[in-house]
Student: 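This structure is in structure tokens; I'll ask about it shortly.
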Amino acid sequence: MAVTCKYIALYVSDLRSAEDFYRRALGAELLFRESEVDGQWWTLPAGSSWDDASAADVEIDMLALHRGDFVLALFRGSPKPGTVHEVSIGVDRAEIESVRDRPPDGLEVIEQGDGFLRFEDPFGFRWVLQRSDAEFRSSGQIAGRWLDV
């Protein structure tokens with residue numbers, strides 16, 4: 001079975017600087033920016049800038065960059081050297097169901113749905129198994145929550 005790296009999510013202390021750095025260093029493009037409000041993710045409309053968000057008193061808590069099919073998700077946080085927020089790999093639906101139905105010892109399910117399984121391993125890493133053809137979308141886009149900036 002083919003396995004692909006879907007995305008890597010990192011904590012960074014300064015999202016705006018990290019966005020600029022990774023766009024330049026990796027030749028990546030912006031997919032979207034989001035803000036977490038009362039435990040829910042809201043997406044800024046396409047074309048909204050950092051200045052637009054600031055003028056609307058919106059703090060950006062997460063953003064996603066991409067180059068081709070690879071996505072780098074950046075979350076506001078206090079990183080420690082070598083830490084990763086989560087890693088997602090693309091596999092077929094049967095493999096996801098196999099892990100869901102017969103989880104290895106120590107696997108703690110965090111979230112699951114049709115075509116994906118998010119879990120923490122016994123070593124403290126968070127993983128997402130999702131269909132290889134799954135598109136990386138913002139939580140706000142999925143739920144229809146758009147910020148007014």
Side-chain angles (χ1 to χ4, degrees), residues 1-96 99-100 107-121 123-149:
M1 298 290 172
V3 175
T4 59
C5 180
K6 299 296 290 180
Y7 66 85
I8 296 175
L10 305 175
Y11 286 114
V12 295
S13 58
D14 182 338
L15 276 176
R16 192 171 190 167
S17 294
E19 177 183 336
D20 181 60
F21 173 84
Y22 288 114
R23 285 178 84 160
R24 297 172 94 201
L26 301 178
E29 297 294 325
L30 179 69
L31 274 176
F32 57 82
R33 296 183 186 103
E34 289 194 317
S35 179
E36 186 175 19
V37 180
D38 297 329
Q40 294 185 323
W41 290 96
W42 292 75
T43 304
L44 277 79
S48 298
S49 69
W50 282 91
D51 292 338
D52 294 333
S54 181
D57 201 27
V58 169
E59 186 168 359
I60 297 170
D61 296 302
M62 181 271 186
L63 62 90
L65 305 172
H66 77 102
R67 179 171 176 179
D69 291 336
F70 172 73
V71 173
L72 177 61
L74 302 174
F75 287 81
R76 179 181 311 284
S78 299
K80 295 181 178 141
T83 61
V84 174
H85 178 64
E86 71 183 15
V87 175
S88 173
I89 59 173
V91 296
D92 66 30
R93 186 179 300 274
E95 190 169 348
I96 296 167
V99 173
R100 186 188 329 253
L107 181 146
E108 180 183 333
V109 173
I110 297 170
E111 184 180 12
Q112 58 186 315
D114 184 36
F116 82 96
L117 175 66
R118 177 173 280 117
F119 64 90
E120 188 167 306
D121 70 21
F123 311 104
F125 290 98
R126 204 159 100 167
W127 295 84
V128 179
L129 300 180
Q130 66 182 162
R131 294 183 343 264
S132 294
D133 63 349
E135 178 185 350
F136 193 87
R137 298 185 305 156
S138 73
S139 298
Q141 178 185 16
I142 292 166
R145 293 187 301 260
W146 297 95
L147 289 162
D148 187 20
V149 295

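None of these values were measured; they are calculated from a predicted model. These numbers come from the heavy atoms of this one structure, side chains and all, not from hydrogens, waters or symmetry mates.
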Student: Between the side chain of Arg76 and the main-chain N/O of Leu15, is any donor-acceptor distance below 3.5 Å?
Tutor: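 Here the side-chain-to-backbone pair does not exist.
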Student: With side-chain contact (heavy atoms from CB on, under 4.5 Å) as the test, would you mind laying out the steps for Val128 and Tyr7 before giving the verdict?
Tutor: CA-CA 9 Å; Val128 179; Tyr7 66 85; 3.3 Å; yes
Student: For Ser132 and Gly90, which heavy atoms make the closest approach, and how far apart are they?
Tutor: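 Minimum heavy-atom contact is OG-C, 3.1 Å.
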Student: What are the two closest non-hydrogen atoms of Ala56 and Asp148, and how far apart are they?
Tutor: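 Ala56 and Asp148 have their closest heavy atoms at CB-O, 4.1 Å.
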Student: Whether the side chain of Lys6 engages the backbone of Val71 through a donor-acceptor N/O pair (distance < 3.5 Å, no angle test) should be reported.
Tutor: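 No, Lys6 side chain to Val71 backbone: no donor-acceptor pair under 3.5 Å.
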Student: Answer yes or no: does atom CG of Asp57 have more than 12 heavy-atom neighbours from other residues, nucleotides or ligands under 6.0 Å?
Tutor: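 No - once you tally the heavy atoms of other residues, nucleotides and ligands closer than 6.0 Å, there are 12 at most.
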Student: Which atoms form the tightest heavy-atom contact between Val84 and Ala9, and what is the distance?
Tutor: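 Nearest heavy atoms, Val84 then Ala9: CG1-O, 3.3 Å.
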Student: Give the ring-plane orientation class for Phe75 versus His85, where under 30° counts as parallel, over 60° as perpendicular and anything between as tilted.
Tutor: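 Phe75 and His85: tilted rings.
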Student: Answer yes if the side chains of Asp20 and Ser17 hold a donor-acceptor pair under 3.5 Å, and no otherwise.
Tutor: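 The answer is no; no qualifying pair exists.
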Student: Enter the distance from Arg33:CZ to Asp61:CG here, rounded to the nearest 0.5 Å.
Tutor: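 Between Arg33 CZ and Asp61 CG, I get 13.0 Å after rounding to 0.5 Å.
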Student: May I ask you to check whether over 12 heavy atoms, not counting those of Arg67, lie within 6.0 Å of atom CZ?
Tutor: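 Atom CZ in Arg67 is not packed in, count stays at 12 or less.
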Student: So how far is it from Leu147 CG to Leu44 CG, rounded to the nearest 0.5 Å?
Tutor: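 CG of Leu44 is found 5.0 Å from CG of Leu147.
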Student: Please tell me if the side chains of Phe116 and Glu111 come closer than 4.5 Å, counting only heavy atoms from C-beta onward.
Tutor: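 Yes; the side chains approach each other to less than 4.5 Å.
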Student: With a 3.5 Å cut-off and no angle check, do the side chains of Gln141 and Thr43 form a donor-acceptor pair?
Tutor: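 No, Thr43 and Gln141 have no side-chain donor paired with an acceptor closer than 3.5 Å.
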Student: side-chain contact (heavy atoms from CB on, under 4.5 Å), that's the test. Do Arg23 and Leu65 meet it? Break it down for me.
Tutor: CA-CA 7 Å; Arg23 285 178 84 160; Leu65 305 172; 3.8 Å; yes
Student: Measuring from Glu135:CD to Asp69:CG, what's the distance to the nearest 0.5 Å?
Tutor: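 Spacing of CD (Glu135) from CG (Asp69) equals 10.5 Å.
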Student: Would you sort out whether Leu63 and Trp50 count as a side-chain contact (heavy atoms from CB on, under 4.5 Å), showing the intermediate values?
Tutor: CA-CA 11 Å; Leu63 62 90; Trp50 282 91; 3.8 Å; yes
Student: Could you walk me through whether Trp127 and Leu107 pass the side-chain contact (heavy atoms from CB on, under 4.5 Å) test, one step at a time?
Tutor: CA-CA 10 Å; Trp127 295 84; Leu107 181 146; over 6 Å; no
Student: Would a distance-only check, ignoring hydrogens and angles, find a side-chain to backbone donor-acceptor pair under 3.5 Å from Glu34 to Ser139?
Tutor: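 Here the side-chain-to-backbone pair exists.
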Student: Do the side chain of Arg16 and the main chain of Ile60 share a donor and acceptor less than 3.5 angstrom apart?
Tutor: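 Flag not set: sc Arg16 to bb Ile60 has no pair under 3.5 Å.
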Student: Answer whether the closest heavy-atom distance between the side chains of Phe70 and Phe136 falls below 4.5 Å.
Tutor: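 They are not in contact (no side-chain heavy atoms under 4.5 Å apart), so the answer is no.
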Student: Compare every heavy atom of Tyr11 with every heavy atom of Gly77, then report the nearest pair and how far apart it is.
Tutor: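 Taking every non-hydrogen atom into account, CA-CD2, 3.9 Å.
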Student: Measure the CD1-CD1 distance between Ile89 and Ile8 for me, rounded to the nearest 0.5 Å.
Tutor: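 The CD1 atom of Ile8 is 11.5 Å from CD1 of Ile89, to the nearest 0.5 Å.
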Student: Could you tell me whether a side-chain N or O of Ser35 sits under 3.5 Å from a main-chain N or O of Glu59, the two making a donor and an acceptor?
Tutor: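 At least one qualifying donor-acceptor pair exists.
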Student: Which heavy atom in Ile110 sits nearest to a heavy atom in Phe119, and how many Å separate them?
Tutor: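 Heavy-atom minimum between the residues: CD1-C, 3.9 Å.
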Student: Closest approach of Leu74 and Ala18, non-hydrogen atoms and distance?
Tutor: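 So the two residues come closest at CD1-CB, 3.9 Å.
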